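Note on naming: letters A, B, ... go to the chains in the order of the sequence lines (proteins, then strands), and numbering restarts at 1 for each one. This structure is a prediction, so every number in the text was calculated from the model and none was measured. The figures here come from the full heavy-atom set of this structure, side chains too, leaving out hydrogens, waters and symmetry mates.
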2 protein chains.
Amino acid sequence: MTVSSKISKRRKTKQSDGSVDYAAKRAEVLRIAAKLFKEQGFQATKLADIAREAGLDRATIYYYTGSKEELFHETVEGVLDACIDAATELHADASLRSIERLHSIFVSLMISYEENYPATFVYIQEQMHQVGSEETAWAQEIMKKTRSFDQMLLGFIRGAMDEGDLRNDVPVRLVENALFGMLNWTHRWFIPGRAMTGRQVAEAFWSIFTNGMAEEAAPARSNRSAARH
Amino acid sequence: MTVSSKISKRRKTKQSDGSVDYAAKRAEVLRIAAKLFKEQGFQATKLADIAREAGLDRATIYYYTGSKEELFHETVEGVLDACIDAATELHADASLRSIERLHSIFVSLMISYEENYPATFVYIQEQMHQVGSEETAWAQEIMKKTRSFDQMLLGFIRGAMDEGDLRNDVPVRLVENALFGMLNWTHRWFIPGRAMTGRQVAEAFWSIFTNGMAEEAAPARSNRSAARH
DNA sequence: CGATCGATCAACACGTGTGTTGACGATCTT
DNA sequence: AAGATCGTCAACACACGTGTTGATCGATCG
């Protein structure tokens, strides 16, 4: 990031083009950084923590990266693009109903969260959208993409309402916040490789979202005590 | 917090018992601190920010509080108790079905979030539950209460399933995470005094949770286009 | 009107975290 | 075996945020 010329960085740049072991170890450092960002938050994570976890001296970290910020950017960059990619490919297929596209995106998104773990959860945790203060091109780009992604989602929900697949007696924004609240809140509890897969979680949430949890959501309403237990 | 004797604190303590203007200004500082904690997070909020916002010198803040931590504790303390109070009073009324109690708690909780704004949202944001590392009595207490509150909620959900008011084909934990994901995610977008009240949001979420968003979830399926729009 | 007291701030001391430097061993090269 | 190079770290310089002190200024009071 810091462009100025320093010996430590000169070494790094020299490294950048070539070696294999180097790239591997660099990736390892990045992995550890992402893990700690997820566990403790960006600010609370000290470079010393990353170094300790990697079994290196703090100074050595700078052999692999220019700064803590750089590690963070590299963790988070691409996350948004992954989400947008997942969404746009469905968006293109106009043969599907909006509700089906929304469903697809919802599931794809959760799977993307899972695959990019823990990067996406770091992204969510650090509230990347409200970096309004920062004037950096980086921040601007994030905000722009987020807004555009958000509009896409809203579009699907509105579409599904117009097409009669979703109730329209609730404000669109609220529906979005309900659905993606469930989804995004996973960053507080979901861990890949545990009881459920990302897809299973997403499908379960989707079922709740569309059908609701009421036992008698279906026409049959009379015999509730006969319910399976 | 810091018990040691310093003149600055001696003054403060002297102030603690008595004055009226003092208490008012102190409350003002606390209010500003809470607001900034909400906007920027605890770590990112510098005492200088609070001072600037309050139109005071940084040093003067210490005339009203012992430390940044103290401001934080005072912001967050009571939040959990408010939630627990809201929950337990319903818990006592055994004449209600579990599903009704869950509904009541859900709405009460959202209203509590609204009334304690922004304190509760700070609480949620700072992930008070996973302060596992800290050994302070304060942290222990928080964790204990959180766990107990969590168990209470799970109990209601299980109860509602047993009583046949909720589908039981979804893991309890997942149902909890869906419902309280929607609720807790409000800390990212809900602002009191805007379009909707806390109660309205909660009721809308509850409706989605129980009935789902599918247009044909309810018995009445025919006149959908007649719906308010 | 000098004394007291409450609120304020300038200046300081300190701790902690970041990023840089230079050097030291190990391995690889010719 | 002399030299180059790579990964490493001890030590340093620096920035920043916190909390403390002592003094100042104005109001209230005897």
List every contact pair, protein side and nucleotides 10-12 of chain C side both N or O, where the distance is under 3.5 Å.
{"unit_1": "dA10(C)", "atom_1": "OP2", "unit_2": "Asp57(B)", "atom_2": "OD1", "d": "3.4"}

Shorter than 3.5 Å, N or O on both sides, protein versus nucleotides 27-30 of chain D: list them out with atom names.
none

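Within the structure, no pair that satisfies the salt bridge (charged side-chain N to carboxylate O under 4.0 Å, His left out) test touches residues 184-204 of chain A, not counting sequence neighbours. The salt bridge (charged side-chain N to carboxylate O under 4.0 Å, His left out) contacts involving residues 115-124 of chain A comprise nothing, where partners must be two or more places apart or lie in separate chains. Applying the salt bridge (charged side-chain N to carboxylate O under 4.0 Å, His left out) test to pairs two or more places apart or on separate chains, those with a residue in residues 40-52 of chain A are Asp49(A)-Arg52(A). Pairs passing the salt bridge (charged side-chain N to carboxylate O under 4.0 Å, His left out) check and including a residue from residues 170-179 of chain B, sequence neighbours excluded, read Asp150(B)-Arg173(B), Arg173(B)-Glu176(B).
Residues that satisfy the side chain to side chain contact (heavy atoms under 4.5 Å, CB included) test with Val76(A), not counting sequence neighbours, are Phe72(A), Val122(A), Tyr123(A), Met128(A), Trp138(A). Scored by the side chain to side chain donor-acceptor pair (under 3.5 Å) test, Ser207(B) finds Arg167(A) as partners (sequence neighbours excluded). Residues meeting the side chain to side chain donor-acceptor pair (under 3.5 Å) test with Glu74(A), sequence neighbours left out: Arg26(A).
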Report all side-chain donor-acceptor pairs from residues 30-44 of chain B shorter than 3.5 Å, counting only partners two or more places apart or in another chain.
{"unit_1": "Arg31(B)", "atom_1": "NH1", "unit_2": "Glu28(B)", "atom_2": "OE1", "d": "2.5"}
{"unit_1": "Arg31(B)", "atom_1": "NH1", "unit_2": "Glu28(B)", "atom_2": "OE2", "d": "3.0"}
{"unit_1": "Lys35(B)", "atom_1": "NZ", "unit_2": "Glu53(B)", "atom_2": "OE2", "d": "2.4"}

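The two residues Tyr113(B) and Cys83(B) make their nearest non-hydrogen contact at CE1-SG, 4.2 Å.
Note that the two end axes of the helix from dC1(C)-dG30(D) to dT30(C)-dA1(D) enclose an angle of 20°, each drawn from 5 base pairs, rounded to 10 degrees.
Aromatic rings of Tyr22(A) and Tyr63(A) (six-membered ring for Trp) have centroids within the 6.0 Å cut-off, being under it. Ring centroids of Phe121(B) and Tyr117(B) are separated by less than 6.0 Å, placing the two rings close together.
Shown for residues 29-50 of chain A: no residue has heavy atoms falling under 4.0 angstrom of DNA chain D.
Residue Glu70(A) contributes atom CD, which lies 14 Å from atom C1' of dT18(C) at whole-angstrom precision.
Between dC9(C), dA7(C), dG7(D), one nucleotide has an atom nearer to the side chain of Tyr22(A) than all others, and that is dG7(D).
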